[in-house]
Protein chains: 2
Amino acid sequence: MKTDFRELKSELRQRIVGGTWKLGALLPNEVDLAAEFNCARATVNRAMRELAEEGLLERKRKAGTRVRQVPRRHVRMPVPLIRNEIEGAGSRYRYALLEDTIAPAPDWLRARLSLHDEAEVRHVRAMHYADGVPYQYEDRWFNLLGLPTARTPSFAESGAAEWFVSEVPFSDVEMSLSAQIADADMSGLLGTEVGAALFRIERAVWAGEVPVNFTRLLYRQGYNLSMRY
Amino acid sequence: MKTDFRELKSELRQRIVGGTWKLGALLPNEVDLAAEFNCARATVNRAMRELAEEGLLERKRKAGTRVRQVPRRHVRMPVPLIRNEIEGAGSRYRYALLEDTIAPAPDWLRARLSLHDEAEVRHVRAMHYADGVPYQYEDRWFNLLGLPTARTPSFAESGAAEWFVSEVPFSDVEMSLSAQIADADMSGLLGTEVGAALFRIERAVWAGEVPVNFTRLLYRQGYNLSMRY
DNA sequence: CAGTGGTCTAGACCACCCA
DNA sequence: GGGTGGTCTAGACCACTGC
């Protein structure tokens, strides 16, 4: 007769989407719900906490728990690490470094990451292949002021991404997905026609308050990023 | 002196990324960790459970808790509801229905959603504008066998998405992001040049085991989907 | 100030699943 | 079979914040 936190969650969800509790409505407090469902308060707490994480509820001390006015829906999107993505699909992975230079940060990058005027960056360009076919183009900048350790490692044999995720503790990431036309350079590298629609991922990474990395990834036409939830 | 579940989580994370526990390594069990950190097992449980949700750990009964071989990194991506997205940006939202028909499901859709041969679908095409400028093209199919209630509502004045999210309890969603070239039709609707790179979102939705909806969204060139984590 | 959620505790029982 | 995580409980104290 006791209620499981999963049952409770799904019952509460029903009352929310079913309209028993309208948008913005105040729910009973944890003690009352525990009594109604004949379970411990901790159980109610977990159910409501997870519904809040899902974006259906809004919880405040003293103010109580309310149904969110605009249900904040979201998805868990996988962040692919290119080597795993390719080998996981059963293909052979190959990496090729195109360029690796250290220079002052270009204006657009300084603006994008709020870098100082004298900021120096390491610029790495590389290609990733699946079974010999171009798969992803990588354009990456490291802020050497914020991340001095990025000056030395060699990216000749393995990608900068692998070094980065394994070595650098980062906190804030800003990610942006969009579409882009392939110009002559990119079509050459990715083996597509000029004018093909490329899938683009841009990512800016901070460690604490310090910008450390900006990356632009371009995928061959036809690539798609999938997820379930 | 007692350890908070947040502290514990961050200490465990340190040991994982710092290499104290290597990839695939077996962690101490909950009882031992509770003793080491001088806290209750429930506290250890919560810390480890959340790290597992984050994708850093892998937990199995009897087998214990291990560091994931391939850290399953992921992002929370917002699922935009078009009206909110546009009005939230301070623009005026306008909706226009292009087509609304009921017909047998086309072959590709039957294959995509594993529909029966006789499946009937309601096909809705619409445009969404921000300040009068084309913003999103929507192509949506409802499976009328799986979702009979989708037969009657009018989508003349407001979008099918709004009806769908507010009325239909769904469980499984498969989402796919990619890029696509604008053909003559799409460039006309979205007000872009032929050959522009459009950002595409495709979404298939099930309620339980029953497929109920398939949607394709195309965004004008330049659109980008952003998130932080 | 007082009510609410946030968290911890110590103990218990269970479900799973590897050996 | 036995060890592990999964969950629930009843109670407690605290932190926040609206009134």
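Nothing here was measured: the structure is a model prediction, and the numbers come from that model.
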Grab the [atom1]-[atom2] distance between [X] and [N] for me, whole Å please.
X	N	atom1	atom2	result
B:Glu50	D:dG5	CD	P	17 Å
A:Lys62	C:dC1	NZ	P	13 Å
A:Met48	C:dG5	CE	C1'	9 Å
B:Phe37	C:dT7	CZ	P	19 Å
A:Arg59	C:dG3	CZ	P	18 Å
B:Glu58	D:dG5	CD	C1'	14 Å
B:Glu7	C:dT7	CD	C1'	12 Å
B:Leu8	C:dT7	CG	C1'	13 Å

TODO: Give the nucleotide from the list C:dC18, C:dC8, D:dT7 with an atom nearest to the side chain of B:Asp4.
DONE: C:dC8

Open item on the list: Classify the ring geometry of B:Phe199 against A:Phe199: parallel below 30°, tilted from 30° to 60°, perpendicular beyond 60°.
Closed with: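 Aromatic pair B:Phe199/A:Phe199 classed parallel.
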
- [ ] Specify whether A:Tyr135 and A:Tyr223 have parallel, tilted or perpendicular ring planes, treating 30° as the upper limit for parallel and 60° as the lower limit for perpendicular.
- [x]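 Answer is perpendicular, since the angle exceeds 60°.
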
TODO: Between A:Lys60 and A:Ala40, name the one whose nearest nucleotide on DNA chain D is closer to the 5' end.
DONE: A:Ala40

Task: Closest-nucleotide ordering on DNA chain D, the 5'-leading residue of B:Leu27 and B:Ala42 - done: B:Leu27

Task: B:Arg46 or B:Arg41, whichever maps to the more 5' nucleotide of DNA chain C - done: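 With B:Arg46 and B:Arg41 compared, the 5'-side residue is B:Arg46.
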
Task: DNA chain C: 5'-proximal contact among A:Thr65 and B:Phe5 (nearest heavy atom) - done: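 The residue whose closest nucleotide sits nearer the 5' end is A:Thr65.
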
Would you say [X] reaches [N]'s phosphate, i.e. side-chain N/O to OP1/OP2 under 4.0 Å?
X	N	result
B:Asn45	D:dG5	no
B:Arg6	C:dT7	yes
B:Thr43	C:dT7	no

Task: Ion pair check, B:Arg13 and B:Glu50, cut-off under 4.0 Å - done: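 Looking at B:Arg13 and B:Glu50, the cut-off is not met.
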
Task: Residue pair B:Cys39 / B:Leu8: nearest heavy atoms and the distance that separates them - done: SG-CD2, 4.4 Å

- [ ] Report yes or no: is the cationic atom of A:Arg46 (NZ for Lys, CZ for Arg) under 6.0 Å from the centre of the six-membered ring of A:Phe5, at an angle within 45° of the ring normal?
- [x]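 That pair qualifies as a cation-pi contact.
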
